[in-house]
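Written out below as structure tokens is the structure these notes cover.
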Amino acid sequence: MSTIVVFVEHAAGAPRRGSQEALGAASALGATVVAVLCGNGADAAAAQCGKFGAARAVVLDATAWSPDSAAIGVAALVRAEKASAFLASATSSGRDVAPRVAALLDCTLFSDCTALRKDGEKLVVTRPWLAGKLDATLRSSAPVLCATLRRNMFAVKETGGTAAVSKGPALGPGKAVLEKIEARAGGKLDVAEAPVVVSGGRGLKEAPNFALLEDLASAFGNAAVGASRAVVDAGWRPHSEQVGQTGKTVSPQLYIAVGISGAIQHLAGMKTSKVIVAINKDPEAPIFKLADYGIVGDAFEIVPALAQAVRKIKAQG
Amino acid sequence: MKIIACIKRVPTTDLQPRVAADGKSLDAAGVQYMTSFYDEIAVEEAIKQKEKHGGEVTVLTIGSAEASKEVREALAKGADKGVILVDNAWGGRDPLATAKTLAGKITELGADLVLLGRVGTDRDNASVGPMLAALLGWACVTDVVGLELGDGKGTARREADAGTETYAFALPAVITCQKDLNEPRYAGLKGIMAAKKKPLEESPCPPATSQVEIEKLALPPARKAGRIVGEGAAAVPALIDALRNEAKIL
């Protein structure tokens with residue numbers, strides 16, 4: 001295995017978690033890992049990529065973020081490095097840029113992969129179809145294997161190494177240019193990114209009752225609130241929180257489904273979670289078939305008690 | 001304004017799939033089809049933008065002639081004409097092959113705006129839109145929840161991990177549509193009747209070479225059977241104990 005180029009997103013001077021996982025996945029394949037970072041202020045994050053397995057990090061300066069100009073710069077780097085693979089985390093930016101990079105390289109893209117393995121010099125990928133109802137094991141005949149990796153599926157490897165940082169050509173002006181970002185209220189974690197997801201459904205009866213789930217999420221500290229399609233369609237929660245086939249597919253360490261009966265479209269979106277807890281008053285709800293642990297009963301009593309218990313544990317450290 | 005909405009015919013989202021005997025394909029028996037959920041939003045946006053700015057909406061798909069059902073539905077809602085690039089082996093296409101074929105047809109038809117769903121709900125690639133834009137050299141905003149056009153340019157709001165991003169771009173552009181962008185309309189009887197008279201072109205599609213070889217298709221491994229730890233708030237300590245001492249995640 002030769003060189004793998006990894007698209008590294010950065011925030012506050014550090015590689016984002018998903019990018020750390022992608023660097024880990026690339027180095028686990030035994031490749032020489034080259035990180036590519038775009039935009040001003042990437043230098044500090046670039047220096048840190050060595051810690052996660054990159055041998056080198058290349059910074060492409062840009063005055064403004066544009067996914068099209070970033071893709072052109074990244075594709076040129078993949079070509080110059082004669083890389084055998086290009087990886088990105090399946091974040092919103094990764095999924096925006098990677099298909100363009102792949103197309104510019106005349107390669108297809110394997111999106112949202114859940115596993116990568118070597119078979120001789122070839123890579124074999126596993127990725128979900130039909131939102132996780134099927135696992136597809138796929139081989140590529142593309143000149144460069146281009147893939148995005150689902151978050152929370154690949155291990156971060158802290159190697160303690162250092163990356164040689166260099167500057168690549170600055171990115172050109174883009175055709176679509178980012179003008180502003182309205183951050184999610186309170187710096188909340190995205191449901192696809194959070195290690196713990198607390199999701200609610202119709203069983204919560206009305207929108208204000210999601211405060212209970214907000215409270216449970218804040219008890220965990222590293223949790224995001226998710227929602228079933230029914231409550232998103234009812235306007236109780238934003239679509240950005242929807243888990244399932246027409247929402248997001250998530251794989252957190254812990255998924256707590258509250259008042260969600262478990263439509264097949266919802267189950268498809270969360271069944272790769274490491275541990276699933278279901279809280280539902282109906283003991284026959286399909287969600288219990290998938291759950292590792294279930295509590296039958298009234299969510300309005302159980303959730304506050306659970307939040308209290310979690311707080312107690314967190315306070316003990 | 002010339003608008004093209006690209007749609008894909010996909011299995012319905014309530015499908016409980018079975019793998020065919022070859023272990024590499026979906027058992028087609030009993031599979032029902034629909035327009036991919038997000039492509040419905042692309043069609044709606046195309047019609048809304050036409051209603052606002054004038055022009056014409058073409059619905060474009062790659063697939064078997066059976067896709068005429070989904071194309072006619074879009075025509076019934078207000079699109080003006082349909083084009084099916086007939087490829088009976090459409091299921092074997094990878095997103096690059098699809099993007100290349102669409103790019104060729106879009107160049108031939110000409111367009112100011114191309115709309116697609118953010119992801120097809122069958123293969124979940126979320127790739128064809130941005131690939132198409134890269135091949136055409138056009139602007140592209142993905143996962144769009146708000147779109148304003150005017151005077152050869154536009155702004156689009158995009159749902160991103162950290163919040164909502166606003167992009168400015170010049171036309172022509174490719175936009176992939178996220179759920180919050182609009183609420184797709186239903187076709188009325190009048191629209192359904194009118195759709196029967198609207199032009200629907202079926203043209204042969206250049207054969208595609210795929211860079212993807214399917215080694216295996218399988219149902220995900222079944223999860224280890226779980227258990228009910230108890231009833232009501234009294235069961236919380238048992239749950240905490242299981243999460244700490246069995247699952248070891250607390």
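Below, read A as the first sequence line, B as the second, and so on, with proteins coming before strands; counting in each chain starts at 1.
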Distance in Å, [X] [atom1] paired with [Y] [atom2], rounded so as to fall on 0.5 Å steps:
X         : Y         : atom1 : atom2 : value
Lys224(B) : Asp292(A) : NZ    : CG    : 6.0 Å
Phe288(A) : Ile228(B) : CZ    : CD1   : 4.5 Å
Arg18(B)  : Leu134(A) : CZ    : CG    : 11.0 Å
Leu130(A) : Thr121(B) : CG    : OG1   : 7.5 Å
Phe110(A) : Asn125(B) : CZ    : CG    : 9.5 Å
Leu109(A) : Met131(B) : CG    : CE    : 5.0 Å

If you define the side chain from C-beta out and look only at heavy atoms, does anything of [X] sit under 4.5 Å from [Y]?
X         : Y         : result
Lys216(B) : Asp135(A) : no
Pro238(A) : Glu159(B) : no
Lys179(B) : Asp233(A) : yes

Side chain, backbone, both or neither: which part of [X] has an atom under 4.5 Å from a heavy atom of chain B?
X         : result
Thr148(A) : neither
Ile72(A)  : neither
Ile313(A) : side chain
Lys274(A) : both
Gln242(A) : side chain
Leu138(A) : both
Glu9(A)   : neither
Ala71(A)  : neither
Val277(A) : side chain
Lys289(A) : neither

Which bit of [X] is near chain A, if near means a heavy-atom gap under 4.5 Å: side chain, backbone, both or neither?
X         : result
Ala170(B) : backbone
Val128(B) : neither
Ile240(B) : side chain
Pro11(B)  : side chain
Leu219(B) : both
Ala99(B)  : neither
Thr98(B)  : neither

What residue in [options] has the most heavy-atom pairs under 4.5 Å with chain A?
options                                    : value
Pro220(B), Ala134(B), Ala235(B), Ala233(B) : Pro220(B)
Ala160(B), Ala139(B), Ala168(B)            : Ala168(B)
Leu15(B), Asp143(B), Leu250(B)             : Leu15(B)
Arg157(B), Lys24(B), Lys153(B), Gln178(B)  : Gln178(B)
Phe169(B), Tyr167(B), Tyr38(B)             : Tyr167(B)
Val212(B), Asp124(B), Asp161(B)            : Asp161(B)

May I ask you to decide whether Asp96(A) forms a salt bridge with Arg118(B), counting only side-chain N to carboxylate O separations under 4.0 Å? no
Do the side chain of [X] and the main chain of [Y] share a donor and acceptor less than 3.5 angstrom apart?
X         : Y         : result
Gln16(B)  : Ile264(A) : no
Arg100(A) : Pro130(B) : no
Arg127(A) : Arg123(B) : yes

Nearest heavy atoms of [X] and [Y], plus distance in Å:
X         : Y         : result
Val236(B) : Ala309(A) : CG1-CB, 3.9 Å
Val141(B) : Ala176(A) : CG2-CB, 4.1 Å
Pro143(A) : Gln211(B) : CD-NE2, 3.8 Å
Pro67(A)  : Cys140(B) : CG-O, 4.4 Å

Is it true that atom [atom1] of [X] has more than 12 heavy atoms of other residues, nucleotides or ligands lying nearer than 6.0 Å?
X         : atom1 : value
Lys175(A) : NZ    : no
Glu148(B) : CD    : no
Lys281(A) : NZ    : no
Glu246(B) : CD    : yes

Using salt bridge (charged side-chain N to carboxylate O under 4.0 Å, His left out), reason through Lys133(A) and Asp14(B) one step at a time and then give a plain yes or no. CA-CA 10 Å; Lys133(A) 291 176 193 167; Asp14(B) 60 1; over 6 Å; no
Counting heavy-atom pairs under 4.5 Å with chain B, which one of [options] comes out on top?
options                                    : result
Glu193(A), Glu301(A), Lys271(A)            : Lys271(A)
Val191(A), Ile276(A), Val310(A)            : Ile276(A)
Asp68(A), Asp298(A), Leu290(A)             : Leu290(A)
Val101(A), Leu178(A), Asp190(A)            : Leu178(A)
Arg95(A), Gln253(A), His239(A)             : His239(A)
Pro304(A), Ala278(A), Ala268(A), Cys107(A) : Cys107(A)

Apply salt bridge (charged side-chain N to carboxylate O under 4.0 Å, His left out) to residues Glu215(B) and Arg117(A) and explain how you reach the verdict. CA-CA 13 Å; Glu215(B) 184 171 289; Arg117(A) 73 179 156 86; 3.3 Å; yes
List the steps, then state whether side-chain contact (heavy atoms from CB on, under 4.5 Å) holds for Asp106(A) with Lys100(B). CA-CA 10 Å; Asp106(A) 201 24; Lys100(B) 281 183 173 176; 2.6 Å; yes
I'd like to know whether Gln245(A) forms a side-chain hydrogen bond (donor to acceptor under 3.5 Å, both in side chains) with Thr13(B), so could you lay out the CA-CA distance, the side-chain angles of the two residues, the decisive distance to 0.1 Å, and finally the verdict. CA-CA 7 Å; Gln245(A) 197 162 2; Thr13(B) 56; 4.8 Å; no
